[in-house]
Asker: 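To start, I am sharing the structure in question, which I have written as structure tokens.
Note that the structure is a prediction, hence the values are computed from the model and not measured.
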Protein chains: 2
Amino acid sequence: MSIERPARIRRSPEAARENILAACEAILLEKGPQALKLADVAAGAGVANATVLHHFGSIDGVQTALMTRMIRQLVQRIAVDFGQHQDTVGRVGAGARALFDAFGTRGGARLAAWLELTGEARRMTAIRQAVQEVAALRMQLDSPVDETAVQDFMLVCVTMALGVGLFGETMAELLGRPPERIREIALDLIEARIRQETGG
Amino acid sequence: MSIERPARIRRSPEAARENILAACEAILLEKGPQALKLADVAAGAGVANATVLHHFGSIDGVQTALMTRMIRQLVQRIAVDFGQHQDTVGRVGAGARALFDAFGTRGGARLAAWLELTGEARRMTAIRQAVQEVAALRMQLDSPVDETAVQDFMLVCVTMALGVGLFGETMAELLGRPPERIREIALDLIEARIRQETGG
DNA sequence: GGCCTTACCGACAAAAATGTCAATAGAGCG
DNA sequence: CGCTCTATTGACATTTTTGTCGGTAAGGCC
């Protein structure tokens, strides 16, 4: 009498990767990027350690793939948000909110910080492409005067979203302010700046 | 014939801690906080692994002690800077510059990010105390109208300095802007805000 | 049905890192 | 000088984690 093994599931490479990355996202949200250990990821996805390595090469590969995936999803959401607003200020505000959401609430900033600290940041080229796409959208919709101003503005938005997403909650608590305060202030700053740029 | 051993150096507890933390600072600058391994720290300080543990209890203890030390040094520098400026805007600008320097150039943001990710952030109570001291200084020198405005302002400054210090360089490079650009913009935002608060 | 590609897996190897423990040796002090 | 305190140490145990390897089986294709 042979021991029962759970039947193997054979997925397409894309489905297998997606399955693993979805598990990663849950782990990232629950325990942070440092918990993206090979064994935990594999367990979360319901596959063996070796399977994860088969698809991503290394645990670092898993992490950068997760970052890329989150950035792609963010760009899609921003594109949708842009379509739902007629005015520049509304568009940018909605985009900024999506940005803060992806990096703050959904754990993107913590993952980005992890990549930055482990020297994997250079592989985040997905960000460059994403920014180019969003910038192209804005140039098309808003036809702003100055392209470097757009780039500077996006640099500010992204960096602030990352900083607030990673440190905002802890700092607010440590300094005795409400946890969401820093995000409000940051969004105010961003909207004030865009108003100033478009208005004057 | 006995094997030559290097003579032991016996330091006071304070000197021993200082020696170890100085080595940590060098490692932090050169390789980042994830390189603050027990063996490397001990080697950098020229002592045995067990010695480090004797003084700090654990490698996490070393890291939080280093953070505390950096924050103390920062507060001292800010106090000096405050004394060298007569006007509020000049004072705050100099303080912000010191803040960005400590967190950016000197590696404080990377260390803070590490503590945040590894769950050690709650032990960064040194920040709370530091902010209280600086806030007290400002209340005394500038007698600003609103204390919560001061707290909000410091929350913004600290969070931005952390965000820019950790992500600024990489993001600027990724988005095709000069590496120091984000810092300039951030300082502009801060000074504009303080001018607005004091001016009107 | 038979074959071939490759997604998948268990077992194992190997490295890296932290922390424990008992012993050693400076340095102050009577 | 001899005693005591404790900073210091080497050796070691343990844990954690990544990655390799040879074999297994699922599903497409002829």
Asker: For the side chain of B:Asn49, counting heavy atoms from C-beta on, which of D:dT18, C:dT18, D:dT9 is nearest?
Answerer: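 Within the option list, the nearest is C:dT18.
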Asker: Grab the CD1-C1' distance between A:Ile59 and D:dG19 for me, whole Å please.
Answerer: 11 Å
Asker: Between B:Thr198 (side chain) and B:Arg195 (backbone), is there a donor-acceptor pair under 3.5 Å?
Answerer: yes
Asker: Of all the choices, C:dT6, D:dG19, C:dG19, which nucleotide is nearest to the side chain of A:Ser58 once you look at every atom?
Answerer: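 Of C:dT6, D:dG19, C:dG19, D:dG19 is nearest to the side chain of A:Ser58.
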Asker: Taking CG from B:Asp60 and P from C:dA17, how many angstroms apart are they, rounded to a whole number?
Answerer: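 In whole Å, C:dA17 P lies 14 Å from B:Asp60 CG.
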Asker: I'd like to know whether A:Leu175 forms a side chain to side chain contact (heavy atoms under 4.5 Å, CB included) with B:Ile127, so could you lay out the CA-CA distance, the side-chain angles of the two residues, the decisive distance to 0.1 Å, and finally the verdict.
Answerer: CA-CA 8 Å; A:Leu175 307 204; B:Ile127 283 197; 3.8 Å; yes
Asker: If only atom types and distance count, is the side chain of B:Glu14 paired as donor or acceptor with the main-chain N or O of B:Arg11 below 3.5 Å?
Answerer: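 No, the answer is negative, given that no donor and acceptor are paired below the 3.5 Å cut-off.
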Asker: 5'-most contact on DNA chain C: A:Pro13 or B:Asp40, nearest heavy atom basis?
Answerer: A:Pro13
Asker: Once you apply a heavy-atom cut-off of 4.0 Å, does B:Leu53 come out as touching a base, just sugar-phosphate, or nothing?
Answerer: base
Asker: If a protein heavy atom is under 4.0 Å from the base, mark B; if only from the sugar-phosphate, S; if neither, -; do that for nucleotides 21-30 of chain D going 5' to 3'.
Answerer: B-BBSBS---
Asker: Please answer whether the main-chain N or O of B:His85 pairs with a side-chain N or O of B:Arg91 as donor and acceptor at a distance below 3.5 Å.
Answerer: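 It does hold such a pair.
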Asker: Does B:His55 have a side-chain nitrogen or oxygen under 4.0 Å from the phosphate oxygens OP1 or OP2 of D:dT6?
Answerer: no
Asker: Is a side-chain donor-acceptor pair under 3.5 Å present for A:Glu120 with A:Thr64?
Answerer: no
Asker: Base, sugar-phosphate, or nothing: which does B:Ser12 touch, judged by heavy atoms less than 4.0 Å apart?
Answerer: nothing
Asker: Tell me whether B:Arg177 contacts the main-chain N or O of A:Gln151 through its side chain, where contact means a donor paired with an acceptor under 3.5 Å.
Answerer: no
Asker: Give the rounded distance in Å between these two atoms: CZ of B:Phe56 and C1' of C:dT20.
Answerer: 19 Å
Asker: Tell me whether the side-chain N/O atoms of B:Thr51 come closer than 4.0 Å to OP1 or OP2 in D:dT9.
Answerer: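 Checking B:Thr51 against D:dT9: at least one side-chain N or O falls below 4.0 Å of OP1 or OP2.
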Asker: From the list D:dT8, C:dC8, D:dG19, which nucleotide is the closest neighbour of the side chain of A:Leu38?
Answerer: D:dG19
Asker: Return the value, rounded to whole Å, for the distance between atom NE2 of B:His54 and atom P of C:dA25.
Answerer: 17 Å
Asker: Check whether B:Thr125 reaches the backbone of B:Arg128 with its side chain - one donor and one acceptor, N or O, closer than 3.5 Å.
Answerer: no
Asker: Quick one: which protein N/O atoms are closer than 3.5 Å to N/O atoms of nucleotides 28-30 of chain C? Pair and distance per line, please.
Answerer:
none

Asker: Does any N or O in the side chain of A:Ser143 come within less than 3.5 Å of the main-chain N or O of A:Met139, such that one atom is a donor and the other an acceptor?
Answerer: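 No: the side chain of A:Ser143 does not pair with the backbone of A:Met139.
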Asker: Can a side-chain donor-acceptor contact be found between B:Thr148 and B:Asp146 if the only test is distance below 3.5 angstrom?
Answerer: yes
